[in-house]
Amino acid sequence: MASGNYGRIYAVVRRIPRGRVATYGQVAALAGLPRHARQVGYALHSLPDDDDATPWQRVVNSKGEISARCHPYAVPQQRELLEGEGVKFDKAGRIPLARFQWNPKR
DNA sequence: TCCCTGACTGGTT
DNA sequence: AAACCAGCCAGGG
């Protein structure tokens with residue numbers, strides 16, 4: 001199992017408000033792990049399917065796109081889910097981070 | 001304990 | 001603007 005940092009990462013992800021998104025690097029930084037963007041993706045990969053408390057769909061890469069890799073089938077689903085929260089996508093299928101990126105006050 | 005892999009990122013080409 | 005390259009760190013075999 002995860003040695004601990006995963007829980008910290010999940011905690012940050014759960015703080016992302018509905019209708020907002022955060023980048024992997026951002027989540028890592030907020031979790032106190034500045035250069036662990038990849039570990040964030042790793043952590044989310046290890047997330048149990050029945051965990052509906054962690055909105056992993058709100059975590060996107062620095063381009064504002066859904067990073068799929070091993071779950072490409074979930075991308076379109078993800079997009080609809082986010083759109084349902086009020087997040088808009090541009091023609092290239094990317095989220096305008098300037099407007100939708102979560103800006104935590106603390 | 002060593003080696004390989006990977007939901008990423010930023011800079012270059 | 002898109003594709004490529006190399007750095008980055010931790011988990012699992």
Side-chain angles (χ1 to χ4, degrees):
Chain A
M1 268 307 280
S3 303
N5 284 343
Y6 279 24
R8 184 160 291 183
I9 291 170
Y10 298 149
V12 173
V13 175
R14 288 202 272 292
R15 280 187 213 126
I16 304 174
R18 186 172 169 285
R20 285 287 151 58
V21 297
T23 66
Y24 291 94
Q26 182 182 5
V27 171
L30 290 170
L33 308 166
R35 302 251 168 34
H36 299 192
R38 287 174 103 169
Q39 303 319 121
V40 172
Y42 230 33
L44 294 182
H45 179 81
S46 299
L47 202 58
D49 293 330
D50 57 326
D51 187 332
D52 54 339
T54 310
W56 61 270
Q57 64 273 20
R58 293 179 192 150
V59 182
V60 298
N61 63 30
S62 63
K63 299 175 200 138
E65 301 176 309
I66 307 284
S67 291
R69 295 290 177 172
C70 46
H71 290 293
Y73 59 86
V75 174
Q77 183 180 23
Q78 223 52 66
R79 175 171 174 164
E80 290 183 59
L81 193 52
L82 288 173
E83 289 180 322
E85 296 186 351
V87 177
K88 311 285 186 178
F89 286 73
D90 63 20
K91 267 188 173 178
R94 292 180 294 186
I95 302 168
L97 293 179
R99 180 180 160 178
F100 294 103
Q101 181 168 33
W102 176 40
N103 184 4
K105 305 292 170 137
R106 78 203 110 208

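It should be emphasised that the depicted structure is a prediction, and the values quoted were computed from it without experimental measurement. Here is the naming used below: chain letters follow the sequence lines, and residue numbers restart at 1 for every chain.
- As rounded to whole Å, 13 Å separates atom C1' of B:dG6 from atom CD1 of A:I9.
- Computed from coordinates, the A:K63 NZ to B:dC8 P distance equals 9 Å when rounded to whole Å.
- Among C:dC9, B:dC8, C:dG11, the nucleotide with an atom closest to any side-chain atom of A:Y42 is C:dG11.
- Judged by distance alone with a 3.5 Å cut-off, a donor-acceptor contact links the side chain of A:R38 to the base of C:dG7.
- For A:Y10 (side chain) and A:A43 (main-chain N/O), a donor-acceptor pair under 3.5 Å exists by modelled atom type.
- Comparing atom distances between the A:R94 side chain and each of C:dA2, C:dC9, B:dC8 picks out C:dA2 as nearest.
- For C:dG11, the base has no donor-acceptor partner in the side chain of A:Q39 [N/O atoms by modelled type, under 3.5 angstrom].
- One interatomic measurement links the two molecules: OH of A:Y24 to P of B:dC8, which rounds to 6 Å at whole-angstrom precision.
- Atom CD in A:Q26 sits roughly 21 Å away from atom P in B:dA7 (whole-Å rounding).
- In this entry the distance linking CZ of A:R8 with P of C:dG11 reads 12 Å, nearest Å.
- Applying the 4.0 Å criterion to OP1 and OP2 of B:dC8, one finds that A:S62 has every side-chain N and O outside that range.
- What separates CZ of A:R35 from P of C:dG11 is a distance of 18 Å, to the nearest Å.
- When the C1' atom of B:dA7 is taken as reference, atom NE2 of A:H45 falls 9 Å away, rounded to whole Å.
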